[in-house]
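Report on the structure given below.
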Amino acid sequence: MWSRLRSITYRKVKRHHHHHKTTAAEVTAATAAMPSECSEPLTSPFGELATNLSDSELRETAYEILVGARLSSGGKSSTYASDSEKNSERAAATPQTLTSRAASKVKKALGLRSRRKKASEKAESERVKKVSTIGETMRVQMRVSEQMDSRKIESMVLPLEMLQQLKPSDFPNQEEYEAWQRRNLKLLEAGLLLHPLVPLDDENTAPQQLREIIDGALEKPLETSKNNETMQALRTVVLSLACRTSNNIGSVSETSTHWADGFPMNLKIYQMLLEACFDVNDETSVIEELDEVLELIKKTWLVLGMNQMLHNLCFLWILFNRYATMDQAEGDLLSAGNNLLIKVENDAKAMKGDENYCRMLSSTLGAISSWAEKRLLGYHRYFRSDNAESTMGCVVSMAVLSVKIMEGGEGISNEDHIEGNEMDVGQEKVDAYIKSSLRAAFVQASFQYLFHYNYVPATQCAKYKMRKIMETVKSSKSSSTGQQNELPFMAKLAEDVSTLAFTEKETFSPILKRWHPLAAGVAVATLHSCYGNELKQYVSSIDELTPDILEVMKGADKLEKDLVQIAVENSEDSEDGGKSIIREMLPYEADSVTSNLVKSWIKTRTDRLKEWVDRNLQQEVWDPRANRERFALSAVEVLRIVDEAFEAFFLLPITTHSALLPDLATGINSCLQHYISMAKFGCGTQSTYVPTMPPLTRCSRRSKLPSVFKKKEKVPKKSQAGTVNGNENDSFGTPQMCCRINTLNYIQNELNVLAKRDITHLSSSGTNQDIADRMEKVFELSAAACVEGIQQLCEATANKVIYQDLSHFFWDGLYIGEVSSTRIDPFLQELDHYLEVISITVHDKVRTQVITEMMKVSFDGFLMVLLAGGPHRAFTLQDYEIIDEDFNFLTDLFWSNGDGLPAELIEQFSTKVKDILPLFNTDTDSLIEKFKQVTLESCASSSAKSKLPLPPTTGQWSPTEPNTVLRVLCYRNEETAAKFLKKTYHLPKRL
């Protein structure tokens, strides 16, 4: 009898290497392609035995206990059934077994599906013939051959009984017997000394006695006959230890022994039994006879100290471990584990006081949580659209529920929507999963550009030292490298992040929303932050604006809009409408960044233009012979640069042209106005050339003093050519002044042309009408500056010619001494030559303006000679006709027989002179009376009538203006006038 038992205990079970895999279901197919590193072996949460019992030895022990437990409960061993009985059993069991496969209650409760047939009908028939009873099923699942099982006995005994009953003669050789004996001794050591259910008492000598016997037997095989003293001692000490209880330590109980129910030895043995629930030919499939097998396994609970709660926890680990270590090829196992974990949650509440259970629970859930969190913290790497719904939900549920149980929190239901506090464990964990996984996915997305663009992501600063990110790929370089149409890396990254966000929204967020109501919002906020960090680094490295940079800003703006839209859509049902999520998304301000970059670009352009203006104006000679149009060549270059600047501006791929156009216009106008200002700089004004009026004196015919009141020395008479054409090195000669006038006129005209051309270009390209309207006003300031500059140059030219170039003939010569001998003819001859040069040099559009200014200055100068020419000039009544005739000659010069200025224009500016000249034909007495009248009329106080006040010099010459009449009296060459002025104002005869 015991020799037959020996045959099932010493032989190693041969493992079947032919695995028959069934057709994968939807879940199985979804999980079949998981990353290979997902299938790493997991550490058992049951701990390790303190002795070196192998899985094979534990499996043999488990089977022995199972058979013993089955027999002790009244079961019948398949070993001792006759062939006819076995055949009868198989015939009767086959339909019942098939029925049980279709109606397994445990499978249904755990969500396990029945296996699909992959083998032929013949192979299935053979399998049914082999596995006909639950006993035989367990034998096959425990990997015990039919030949070995045929020598079993009717009852199962403890290792002690087996040591005593079996002899060396029952084994093929002494070596196998000794190995078998060592296994049983190690079982006794493990169950009674190393892992006892009831802790050993230090005062009890039995443990030491057992240890000495075992040590001796390991050195020399134990003599196991009943009369052997060592064997008797072994029996005595084993029974004393096995029958102890916590309430009666050291006592022997005849009804209960504790040799295999200590932790974790009982769990290790029970694990071997539960492993039998998996098909030996398909390690990922649970056998169809699961209900019957589990019922049979439960018979070992008394021996192993197990209960329903421990069973649930062990079975949970077995299902989960089988799924995790078998390439996650069977999604049903994960789902079953998740369903069983819900039961464990309830068990945990009932078993809070059980130290062993709590320790085992913590270890098991810790292992499950660690495995799950590794995948969930990077779920984009482990899950895809085809397996997320079926697999990821279970993984999240197990991870969250494991943490909840370990923290002692309330469980979470497995419904589509999970109720709970806003920041419960589930929401907190899922929040962490989303952020961690998306950060990892972002790094993965950006990492692909590491070598292509020599780019180091900002999020990898802990691993890489942050280098300055430079975007230097220009169109010319791109063409040479064959990447002309390639997007910049940050623009590509924005596209990848957008794709990642939409994938998250469609694939993962609906699953994670069960635990986190704002799952999609958290996801896009995380991506927004990740890309924002990179964008910040990128922008900080930009030195100048390039098309690539604008493309990046455009991509960033689009990405931000996509992310915000997803966040808003996801938050429609939330209490705050997603405002909390939106607040976390600090704006990229792409438009602002772009605007600042464009403004910087504008400033760089305008600064360079200003530098160019300064540099070239220093070399400008204002030579009208430089080109046919007689303007400065520097103006041509300035306008070319301006045109290029506007063209480049409108080619920028931005949407804010209208908003930034004023900045460009301001910068360009500033440069143009600087050029205009420099063009007229140094040319002088009216005050530069017009002589200062001398103090009033009364006339004296003997006064022939030189022109001492002049500010400048008398200019010697020059030749006509030298005076009119000027010196080539003189940048302020009359031809050069005309060139300056032409230049400003050219700029004014070209600005209008430039504005109209840009408006036409913008209209044809479909640009906003607002931009086109603004372009019409872009150059208003510069055009106004040109108008003002031309007028100032015309005035400066006229005053320079009249008062400086022709002063010898005019201010220093006209009417000095005898009026009849110093008339205006020499001045008119020289002035005519100047007018001819000006007419030839100045552009048609400004010719009239220049000559008109010449006429105006000539007329004003004529009055200056008559009214403020100094004490060396004096006029009699008879001189009036000469003066009047000379002025007519002067006006005729500008009329030039109809070829000069229009008669009405001449009349307009000559009226004042013609109104004043009759005063020189008025007798002295009448003139004195007129003076008194106009003076008294202009006085504000009547008390001043007793004494005539001295009228101030206003320069506003008029026949009714007191100072004008007074000056006529001052230059009247007559005694009556001299006496009146001496008596009234004590005016001197000379300075």
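Basis for what follows: all heavy atoms, side chains included, without hydrogens, waters or symmetry-related copies. Not measured: the values here are computed from a predicted model.
- Taking each heavy atom of W371 and A324 in turn, the nearest pair found is NE1-CB, 3.6 Å.
- Residues I549 and Y538 have side chains in contact (heavy-atom distance under 4.5 Å, counting atoms from C-beta outward).
- By the 6.0 Å contact criterion, CZ on R640 is enclosed, its count of non-hydrogen atoms from other residues, nucleotides or ligands being greater than 12.
- Here the closest heavy-atom approach between residue R605 and residue A645 is recorded as NH1-CA, 3.9 Å.
- Under the rule for a salt bridge (Lys or Arg N to Asp or Glu O under 4.0 Å), the partners of E569 that lie at least two apart in sequence or sit in another chain are K505.
- N570 places no side-chain N or O within 3.5 Å of a backbone atom of A567 that could act as its donor or acceptor partner.
- The shortest heavy-atom contact between F278 and L319 is CZ-CD2, 4.0 Å.
- At a threshold of 4.5 Å between non-hydrogen side-chain atoms, the residues V425 and K429 count as touching.
- Under the 3.5 Å distance criterion, the side-chain polar atoms of E584 are left unmatched by any main-chain donor or acceptor of A525.
- Ring planes of F442 and Y531: perpendicular class, angle over 60° (limits at 30 and 60°).
- Distance CD/E644 to CG/L651: 11.5 Å, rounded to 0.5 Å.
- For the residue pair Y433 / E428, no side-chain donor-acceptor distance below 3.5 Å is found, with atom types taken as modelled.
- Expressed to the nearest 0.5 Å, how far CG of L664 lies from CD1 of I602 amounts to 4.5 Å.
- Counting only N and O atoms by type, the side chains of D282 and T284 include a donor and acceptor under 3.5 Å apart.
- Between the side chain of S363 and the backbone N or O of P45 there is at least one donor-acceptor pair closer than 3.5 Å.
- Using cut-offs of 30° and 60° for the angle between ring planes, the W601 and F649 rings count as parallel.
- A side chain to side chain contact (heavy atoms under 4.5 Å, CB included) with L341 is found for exactly one of L313, N312, L316, namely L316.
- Closest heavy-atom contact between T507 and A388: CG2-CB, 3.8 Å.
- Counting only distance, with no hydrogens or angles, the side chain of H657 and the backbone of L652 share a donor-acceptor pair below 3.5 Å.
- Relative to the six-membered ring of F383, R375 misses at least one condition, a distance below 6.0 Å or an angle of at most 45° to the axis.
- In this structure, CZ in F508 is found 9.0 Å from CG in L438, a value given to the nearest 0.5 Å.
- In this structure, T606 OG1 and N669 CG are separated by 11.0 Å, a value rounded to the nearest 0.5 Å.
- We find the OG1-CG distance between T391 and D386 to be 9.0 Å, quoted to the nearest 0.5 Å.
- One distance of note links CH2 of W317 with CG of L365; it measures 10.5 Å at 0.5 Å rounding.
- Looking at S397 and R514, their side chains never come closer than 4.5 Å, going by heavy atoms from C-beta outward.
- Scanning both residues, H528 and L586, for their nearest heavy atoms gives CE1-O, 2.7 Å.
- A salt bridge is defined here as a Lys NZ or Arg NE, NH1 or NH2 lying under 4.0 Å from an Asp or Glu carboxylate O, and E345 with K404 fails to meet this definition.
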In sequence, state the C-alpha distance, the side-chain angles, and the governing distance for V286 and L333, and then conclude on side chain to side chain contact (heavy atoms under 4.5 Å, CB included). CA-CA 9 Å; V286 177; L333 297 178; 3.9 Å; yes

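- You'll find the side chain of I581 reaches within 4.5 Å of the side chain of M585, heavy atoms only.
- Between S446 and V443, the shortest heavy-atom contact is OG-O, 3.0 Å.
- For T666 (side chain) and P662 (main-chain N/O), a donor-acceptor pair under 3.5 Å exists by modelled atom type.
- In this structure, T325 contributes its side chain and N321 its backbone to a donor-acceptor pair below 3.5 Å.
- Counting only distance, with no hydrogens or angles, the side chain of S600 and the backbone of N596 share no donor-acceptor pair below 3.5 Å.
- The closest donor-acceptor contact from the side chain of S369 to the backbone of V403 lies at 3.5 Å or more, if one exists at all.
- Judged by distance alone, with hydrogens and angles left aside, the side-chain atoms of S370 form no donor-acceptor pair with the main-chain N or O of A367 at under 3.5 Å.
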One pair to check against side chain to side chain contact (heavy atoms under 4.5 Å, CB included): L639 and L754. What are the steps and the verdict? CA-CA 9 Å; L639 293 177; L754 181 62; 5.6 Å; no

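- Salt-bridge formation is not detected for the pair D496/K492: no Lys NZ or Arg NE/NH1/NH2 atom is positioned less than 4.0 Å from an Asp or Glu carboxylate oxygen.
- Proximity of W515 to D431: side-chain heavy atoms (C-beta onward) are nowhere separated by under 4.5 Å.
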Begin with the C-alpha distance, continue with both residues' side-chain angles, and end with the deciding distance and a verdict on salt bridge (charged side-chain N to carboxylate O under 4.0 Å, His left out) for E495 and K558. CA-CA 9 Å; E495 290 184 351; K558 181 181 182 302; over 6 Å; no

